[in-house]
Amino acid sequence: MQEITYLEGRALFVWGAYGITVVVLVLSIVFTSLRKNKILKEIKQALEQ
Amino acid sequence: MMWKFLHRLSSLKYFYEWSGKWIPWLTGLTIVLMVAGFYWGLFIAPADYQQGETYRIIFVHVPAAWMSMFVYVIMAIAGFTALIWRTKVSEIVVSECAVIGAMFTALALITGMLWGKPTWGTYWQWDARLTSELILLFLYLGVVAIHSAIEDSRTASRLSGILAVIGVINIPIIHFSVTWWNSLHQPNMQLVSASPSVHPSMLYPLLVMAAAFQAYFIVLLIIRMRNQILYRERRTNWVKQLLVEVN
């Protein structure tokens, strides 16, 4: 366990690269999925007017 | 048969309905491949004899870099199709690929910088590979900017299609930059050869991650395209009907 958090003193770079990748990929798909609800809401409001 | 299917797929309504069935399966596949790739790359693959633990960054950097070029080629093909046949689906592929491609390119550049600092001693160098990859990011942003600046979606699609097709020249430049110029970047991996330049213990997790990124791209592209289709077709009866069914 200690090794994976140390990684020869390069843990910040390795975990940083993986962390940024995961955050970007997850946020991108979550926000894109949420956008559908927003679009449907906009269409509904436009129809009601 | 194939042409008939492609012709049907060019209908926005048909594409919306057809693609929706694939999302749960592809999402599941993406999650499985991502978890396997991340775990294999971080915990199972051995350390490199020269670069030590730092090399583990390649399991996210290389697939991101491959995808940055692959998505551009898809965008250029869609741009060409949109220019010639004026299919709305192709136009949507161009605009959505630009956002996704910019994301992969930015990831490739950032993870490359995080690999470069401990390996080369610097985050950035105006090297042929890095510079051509940065140009790729600007090309993607150019397509995004065209779609944001021009209100008429069909005019924006034509202009961005032209930019996408012209910009494809940058792809072989990126690929061969390490061969054509003296580069700080390491040479291209020889994956398809009698003696691959990467040991199987590192190659397999890399290929799993590449497959994961590919599956992720397809899922994200489908979801983004469906959103765009809903927005573009918001005045049509089938979308209004869909809204009634959702409620």
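A quick note: this is a predicted structure, and the numbers were derived from the prediction, not measured. Each chain gets a letter, A, B and so on, in the order its sequence line appears, and its residues count up from 1.
- Of the atoms belonging to B:V99, not a single heavy atom falls under 4.5 Å from chain A.
- With a 4.5 angstrom heavy-atom cutoff, B:R226 touches chain A only via side-chain atoms.
- Within the model, atoms CD of B:Q228 and OG1 of A:T32 stand 12.0 Å from one another, a figure rounded to the nearest 0.5 Å.
- Of the atoms belonging to B:I110, it is side-chain heavy atoms, and not backbone ones, that fall under 4.5 Å from chain A.
- Annotation: maximal heavy-atom pairing with chain A below 4.5 Å, among B:V219, B:I100, B:T111, B:V239, occurs at B:T111.
- Summarising the geometry of A:F13 relative to B:I57, their closest heavy-atom pair is O-CD1, 3.7 Å, with the distance given to 0.1 Å.
- Counting all heavy atoms, side chain and backbone alike, A:S28 lies closest to B:L220 at OG-CD2, 3.5 Å.
- Of the two parts of B:L107, only the side chain, counted from C-beta on, holds a non-hydrogen atom closer than 4.5 Å to a non-hydrogen atom of chain A.
- Only the side chain of B:M34 comes within less than 4.5 Å of a heavy atom of chain A; its backbone N, CA, C and O stay farther away.
- By the 6.0 Å contact criterion, OH on B:Y14 is enclosed, its count of non-hydrogen atoms from other residues, nucleotides or ligands being greater than 12.
- The two atoms that bring A:V22 and B:F38 nearest to each other are CG2-CE2, 3.4 Å, heavy atoms only.
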Derivation of the side-chain contact (heavy atoms from CB on, under 4.5 Å) call for B:L42 and A:V14:
CA-CA 9 Å; B:L42 265 176; A:V14 176; 3.9 Å; yes

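- Surrounding CH2 of B:W18 are more than 12 heavy atoms belonging to other residues, nucleotides or ligands, all under 6.0 Å away.
- Neither the backbone nor the side chain of B:F217 comes within less than 4.5 Å of any heavy atom in chain A.
- Within the model, atoms NZ of A:K38 and OH of B:Y231 stand 10.0 Å from one another, a figure rounded to the nearest 0.5 Å.
- A donor-acceptor pair under 3.5 Å links the side-chain atoms of A:Y18 to the main chain of B:R56, judged by distance alone.
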For B:M103 and A:L25, run side-chain contact (heavy atoms from CB on, under 4.5 Å): C-alpha distance rounded to whole Å, both residues' side-chain angles, the deciding distance at 0.1 Å, then the answer.
CA-CA 9 Å; B:M103 179 191 77; A:L25 296 184; 3.9 Å; yes

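- A:I39 touches chain B through its side chain: at least one heavy atom from C-beta onward sits under 4.5 Å away, while N, CA, C and O do not.
- Only the side chain of B:F213 comes within contact range of chain A, judged by heavy atoms closer than 4.5 Å.
- Residues A:S33 and B:I223 approach most closely at OG-CD1, 4.0 Å, considering heavy atoms.
- Counting non-hydrogen atoms of other residues, nucleotides and ligands closer than 6.0 Å to CH2 of B:W25 gives a total of 12 or fewer.
- Counting all heavy atoms, side chain and backbone alike, B:L243 lies closest to A:K44 at CD2-CA, 3.6 Å.
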Assess whether side-chain contact (heavy atoms from CB on, under 4.5 Å) is satisfied between B:Y216 and A:I29, documenting all intermediate values.
CA-CA 9 Å; B:Y216 175 89; A:I29 207 132; 4.0 Å; yes

